[in-house]
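Everything below concerns the one structure shown next.
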Amino acid sequence: LFQASLPSCGEGKLKVRETPVAAGEGEKDLLSPGSPLYRELATALVDKQVSIDVFAGAAQYADVATLSSLCSVTGGQFFFYPAFHGAGPLAEALYGDIFHDLTRETGFEAVLRVRVPQGARVAAFHGNFTLTNTDLMVAPVCHADTTAVLEFAIESTLAMPAFPIQSALLYTNARGERRIRVHTLSLPVSNVLAHLFERVNQDVVAAVALHQAADALALTGPALVRQKLHQLCLQLVKRARAQESTAVPAAAGGQPGIPAALNLLPLYLMSLQKNALCRGDARSDLRCYALQQFRESGLEVLLRSLYPSLMALHQLDATSCTFAEDPAHLPEGVRVIGEHALILPPMRNLSLAALTADGVYLLDDGFALWLLLGSQVDPALMTDLFGVASLEGYDVPNMRLPLLETALSQKVHLLLQELRADRPYFCPLKIVRVTDPEFAVLKWRLVEDRDVFPGGNYSYPEYVQLITGSNPSY
């Protein structure tokens, strides 16, 4: 389904619900569908084994909360291009998304069931599918990017050495052959709480917290969701510290008072509170789209969205943006990406203090790429990247990065290609100067700094002090 404006006629007609003063109870209502028609239509389509992908490019309010029901029920995917311009980077993203949508490995008439032993149950399901018979997930279409997140509850004592989990996906492939794919996982069982915190996967904890927050937004609103995320972080760190005789000191590489097994969890949960999903000052369409993107993405993309990568392109060395010959024996601190191990440029912290006036930076937030230009970039560097010494007089928001014969241009385009590989969304490249209005939106991603909305007015060091109680003033 391609939609260029808010539906304005027929039974599916929608009205503009967003107002500049929408807040409080009205704010959370904007995150819920404005009409039951689209969900009812999606439910009827599931019975006919029809899935819908939506490509929406409205210039103004599009009511993503309502239109996305077509995808969340039928197992489809939602793509949103706000203020779409046919000559801008979003046009390239539209082409890339359609190409990926049509060429990725896809199955049809899919059903998924997850089994756990007696004494446990599946307590919650997150993802784009229809739930039937309490535990059977039905999707007319499943593909290489389909993601489902499940939460388990323990109802009685587990008298077993291991906890088995088994999932079975039944689907029809593109050749019309019925197939079943089974995954089995066995986890150790212990009655010692310290064992749990020693082996906790903080990446998965952050991802599950994100899905819980996404589901709660329409019920409680962003303010209460941010409070619950903060309380979750506080309780987990408190309980983990109680299981450790000594906390990891700052000199050892961890944050003061944060147990080693959870050393990144406060950063992830603080970043989630500052994300467009939970910000009270973001447009409702952007928050609803962020919700859809999180539902449809895997763990690696979710973590990149919570804590983006900031790369310094003006400080590339001879090995940056080249493929590593021996990825297993790289110098300490060197990071690679992709199947062929492309060496990434030098990384920077997500803070304004890490930026310089003569710098050129690439920020990857999992769903979009941002090329940030300082106010005093060397004209020779600009010429290597853009073919001109200055962008004055150019329509920068709708500008695409040209592919030139220079070594820098070749390296940057290879980096963009590897970053976009295997992503559920194309990741458009947005070119932003520090003097542009769009820089204010990019600064949302600099999560280590203070922000100006309620619940986001802590820097990362201040948030750690708040969580650990190491500063009595907080």
Side-chain angles (χ1 to χ4, degrees), residues 193-194 196-213 222-281 299 302-310 332-333 335 346-355 363-366 442-474:
L193 188 59
L196 172 65
F197 284 103
E198 289 172 0
R199 295 166 175 80
V200 67
N201 188 325
Q202 57 186 334
D203 294 351
V204 173
V205 172
V208 172
L210 189 155
H211 281 276
Q212 292 174 337
L224 190 55
V225 167
R226 290 195 300 268
Q227 293 178 19
K228 289 185 176 180
L229 287 170
H230 175 67
Q231 290 298 320
L232 172 64
C233 183
L234 197 64
Q235 293 172 8
L236 288 176
V237 171
K238 181 179 179 180
R239 293 181 181 180
R241 291 174 69 185
Q243 303 302 318
E244 285 196 344
S245 56
T246 57
V248 178
Q255 294 297 330
I258 304 295
L262 298 177
N263 62 342
L264 293 178
L265 190 63
L267 178 62
Y268 287 150
L269 295 185
M270 181 202 71
S271 301
L272 179 53
Q273 296 173 56
K274 297 181 178 182
N275 192 278
L277 183 72
C278 297
R279 294 179 66 103
D281 59 349
L299 182 61
L302 293 182
L303 296 179
R304 181 63 60 238
S305 178
L306 291 181
Y307 192 81
S309 295
L310 182 63
E332 185 178 357
R335 296 174 57 185
M347 293 292 172
R348 295 292 178 263
N349 291 340
L350 295 177
S351 171
L352 284 174
L355 306 180
L363 187 143
D364 172 21
D365 69 8
L442 184 147
K443 286 197 295 185
W444 292 4
R445 278 81 178 166
L446 303 181
V447 295
E448 294 187 31
D449 289 338
R450 292 180 177 181
D451 215 322
V452 294
F453 69 94
N457 53 348
Y458 292 105
S459 67
Y460 179 52
E462 291 170 342
Y463 191 73
V464 170
Q465 293 175 353
L466 177 66
I467 291 295
T468 60
S470 57
N471 190 335
S473 63
Y474 291 128

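With sequence neighbours excluded, no residue satisfies side chain to side chain contact (heavy atoms under 4.5 Å, CB included) with Lys238. With sequence neighbours left out, the side chain to side chain contact (heavy atoms under 4.5 Å, CB included) criterion links Leu224 to Thr220, Gln227, Lys228. Shown here are the side chain to side chain contact (heavy atoms under 4.5 Å, CB included) partners of Asp365, two or more places apart in sequence or in another chain: Pro308, Leu363, Phe367, Ala368, Trp370, Arg445.
Nearest heavy atoms, Leu262 versus Gln202: C-OE1, 3.2 Å. The two atoms that bring Arg304 and Arg335 nearest to each other are NH2-NH2, 3.5 Å, heavy atoms only. Closest of all the heavy-atom pairs between Arg279 and Trp444 is NH2-NE1, 3.2 Å. Looking at every heavy atom in both residues, Pro259 comes nearest to Ala240 through CG-CB, 3.7 Å. Minimum interatomic distance between Lys274 and Val447 (heavy atoms only, all atoms of both residues): NZ-O, 2.9 Å. Looking at every heavy atom in both residues, Asn349 comes nearest to Ala354 through O-CB, 3.4 Å.
How far CG of Leu302 is from NE2 of His211: 5.0 Å, rounded to the nearest 0.5 Å. For the atom pair Leu446 CG and Leu350 CG, the distance stands at 6.0 Å (nearest 0.5 Å). Taken from CG in Leu442 to CG in Leu310, the straight-line distance is 8.5 Å, to the nearest 0.5 Å. Going from atom CG of Asp203 over to atom CG of Leu264 covers 7.0 Å, rounded to the nearest 0.5 Å. With rounding to the nearest 0.5 Å, the separation of CG in Leu234 from CG in Leu269 is 11.0 Å.
In the model, Asn457 has no side-chain atom that pairs as donor or acceptor with a side-chain atom of Glu462 under 3.5 Å.
Between Glu448 and the choices Tyr463, Tyr460, Tyr307, the side-chain hydrogen bond (donor to acceptor under 3.5 Å, both in side chains) rule is met once, by Tyr307. Among Leu229, Leu272, Leu303, Asn275, the one residue that satisfies the side chain to side chain contact (heavy atoms under 4.5 Å, CB included) test with Leu210 is Leu272.
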Q: Begin from the C-alpha positions of Thr468 and Arg241 and carry the test side chain to side chain contact (heavy atoms under 4.5 Å, CB included) through to its verdict.
A: CA-CA 9 Å; Thr468 60; Arg241 291 174 69 185; 3.8 Å; yes
Q | Intermediate values then yes/no, side chain to side chain contact (heavy atoms under 4.5 Å, CB included), His230 and Leu466 | A | CA-CA 10 Å; His230 175 67; Leu466 177 66; 3.5 Å; yes
